[in-house]
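Everything numeric in this text was worked out from a predicted model, so none of it was measured.
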Amino acid sequence: MGIYIDKGNAAFQRVRNSEYIDKSGLIAVVNNTLFTEQSFTCVTRCRRFGKSIAAKMLAAYYDRSCDSRHLFADLAIASDPTFEQHLNKYPVIYLDLSSFAGEMSRKGIVEEIEKRLVKDIRTAFPKTPVPRGGSLMDYLLRIHGETGDVFIFIIDEWDAILRENAEMSNSRQQRSNLKDDYINWLRRMFKSVSGTEVFAGVYMTGILPIKKYNTQSALNNFQEYSMITPRKMAPYFGFTKEEVKGLAAKHGMDFDELEKWYDGYQIGVQPSMFNPNSVMQAIDNGRCESFWASTGAFDSISDYIERNFDGLKDDILYVLAGGRVKVNTTKFRNDLWDVRSRDDVLTVLIHLGYLSFDWQERECYLPNYEVSEELANAVEESSWTVVAQALRQSERLLMATLRSDAETVARLVEAAHDSEASILKYNDENTLSCVISIAYYYAHGDYIFHRELPTGRGYADLVLMPRKNVDKPAIVIELKNNEKPSCAIAQIKERHYTDKVAEYTGDILLVGISYDEQTKEHKCQIETWHK
């Protein structure tokens, strides 16, 4: 058993020994690309979404140094027509670049990686001499010429060098040189005509899509599948709703809670995808909580958020309030050191999993409660002190609303509106709605937010619908500029906003909030509507 070649199936055996959701259909997709023009595959998705498990699964399936039939006999791939054709038929080279994390800053790391690969492959093919002064590709070509063998090459975390390198203290020129060396090595390995001779298929995983230079991809022979363009790989990116329902039933977990915390990713045509790692940790812990931890990658772009590219702060606040914003994902050059615009930052957040992406509307938004908590924490730790204060006061605001303390509600909303005037356009009515949504941020734990909800004969400004198993009243909030809060309450009643809400809940709190543009004063009136 080698370090990088002929590793066997022990890694996937450990996966199968654990709770496992069958994603073996991915193997059939890859099988159909082998020995074709589409045999170079790069699948990128955010961390904790099963990239490494998929890589280990493929390695165990293809590796000819072991017998993996028992690992797949009860999985979907076993009934696929291609199963027998490729099962344990190839020498597999498996390179996990994250294992080199502690060495990323050293000079010549790319040459060192190639050196270690050659050394290990040499053990597997002792009768084939290494060509003097030759490269890894030269060696593989010689092996292929002598034995006829073709390889499967799997690179897990292909972009680890680029991401880890972005965090190093080296000079910008040193970072650039290392990245260029690495990309050029990949190009020599996989973009040359030799690569199509030597490799039956290449499969790479990572977080960021393949690096671009100018407008062209450095490795445009790869078929790319990402959080933005998952295409036929979409079903294998996370857990589906049906899969999580099965897990919830098996382990006695509340599916609605799992859905609130970990659902919300729209990945291609898959409208509802769960974060798989968080779901499994919740099941293991027996409760839902945030298993998200800040990454270095997010820290590295936080300064760009602070710079407020093209009004980026407004967009971050808007998605934090439950809104959606348009984003052009085509301009980002897939490099954390080359973030130039508001669209670049939002695109990075999509790739990292902090935002979900609606490819039809070209909009991004917060996917679920777990991620919204993490983004709120990031905002609270930033220099956005006025927003952080509003988030910290949001629990008080919700409690005051539930006990119908209109005076406290008016005071807290006014404080939030006044403090955020420096960030948002002060007298814009939509901005006031955004401020209200942020001010009620704490309510996301028990409520689902609906802005501009069609109900009765109009649209309620903000409706907070209690989640399943939450014994709290629904809240309908209507905003008015330069009018009394009683006018807002009257509009809720006259336009029958409660009719639609009452279909799903019991008692409803009617909250009218008014704002005087001249005096900057806020007033509030709260009534209870009984079903």
Does NZ or CZ of Arg342 fall inside the cone over Phe309's six-membered ring, less than 6.0 Å from its centre and within 45° of the axis?
no
So do [Y] and [X] actually touch side chain to side chain, heavy atoms under 4.5 Å?
X      : Y      : answer
Phe237 : Val43  : yes
Val325 : Cys364 : yes
Tyr182 : Leu97  : yes
Met465 : Tyr447 : no
Val150 : Glu197 : no
Leu95  : Ile154 : no
Phe332 : Leu208 : yes
Thr329 : Asp343 : no

Do the ring planes of [X] and [Y] sit parallel (below 30°), tilted (30 to 60°) or perpendicular (above 60°)?
X      : Y      : result
Phe72  : Phe12  : parallel
Tyr441 : His444 : tilted
Tyr4   : Phe100 : parallel

Atom of [X], atom of [Y] and distance for their closest heavy-atom approach:
X      : Y      : value
Trp261 : Glu289 : CZ3-C, 3.4 Å
Gly8   : Ser65  : N-OG, 3.7 Å
Pro209 : Glu224 : CB-OE1, 3.2 Å
Lys23  : Met57  : O-CE, 3.6 Å
Pro276 : Phe49  : CG-CA, 3.7 Å
Leu71  : Arg16  : O-NH1, 2.6 Å

Checking Arg64 against Asp149 for the salt bridge (charged side-chain N to carboxylate O under 4.0 Å, His left out) test, could you report, in this order, the C-alpha distance in whole Å, the side-chain angles of both residues, the deciding distance, and whether it holds?
CA-CA 11 Å; Arg64 71 181 184 184; Asp149 288 331; 3.0 Å; yes
State, without any angle test, whether [X] and [Y] hold a side-chain donor-acceptor pair at a distance under 3.5 Å.
X      : Y      : result
Thr36  : Ser39  : no
His251 : Glu19  : yes
Asp80  : Asn31  : no
Arg187 : Asn184 : yes
Asn9   : Tyr61  : no
Thr128 : Glu146 : yes
Glu370 : Ser278 : yes
Thr330 : Asn328 : yes
Ser135 : Asp138 : yes

Under the salt bridge (charged side-chain N to carboxylate O under 4.0 Å, His left out) rule, what do Glu257 and Lys260 come out as? Steps first, then yes or no, please.
CA-CA 5 Å; Glu257 275 294 291; Lys260 176 185 83 171; 3.5 Å; yes
When you measure from the side chain of [X] to the backbone of [Y], do you find a donor-acceptor pair of N or O atoms at a distance under 3.5 Å?
X      : Y      : answer
Glu114 : Glu111 : no
Asp156 : Ile53  : no
Asp63  : Lys7   : yes
Arg324 : Tyr365 : no
Asp22  : Leu75  : no
Tyr265 : Gly353 : yes
Arg48  : Phe291 : yes
Ser226 : Thr229 : yes
Ser356 : Gln266 : yes
Asn368 : Asp263 : yes

Quickly, which of Asp284, Asn277, Asn285 forms a side chain to side chain donor-acceptor pair (under 3.5 Å) with Gln281? Name it, please.
Asn277
Within the 6.0 Å centroid threshold, strictly below: [X] and [Y]:
X      : Y      : value
Phe40  : Phe222 : yes
Tyr203 : Phe153 : no
Phe199 : Phe190 : yes

Please indicate whether [X] has more than 12 foreign heavy atoms, meaning atoms of other residues, nucleotides or ligands, lying under 6.0 Å from its [atom1].
X      : atom1 : result
Tyr442 : OH    : no
Trp359 : CH2   : no
Lys326 : NZ    : yes

How far does CH2 of Trp185 sit from CE of Met137, to the nearest 0.5 angstrom?
9.5 Å
I need the Asp310 CG to Leu346 CG distance, nearest 0.5 Å.
10.0 Å
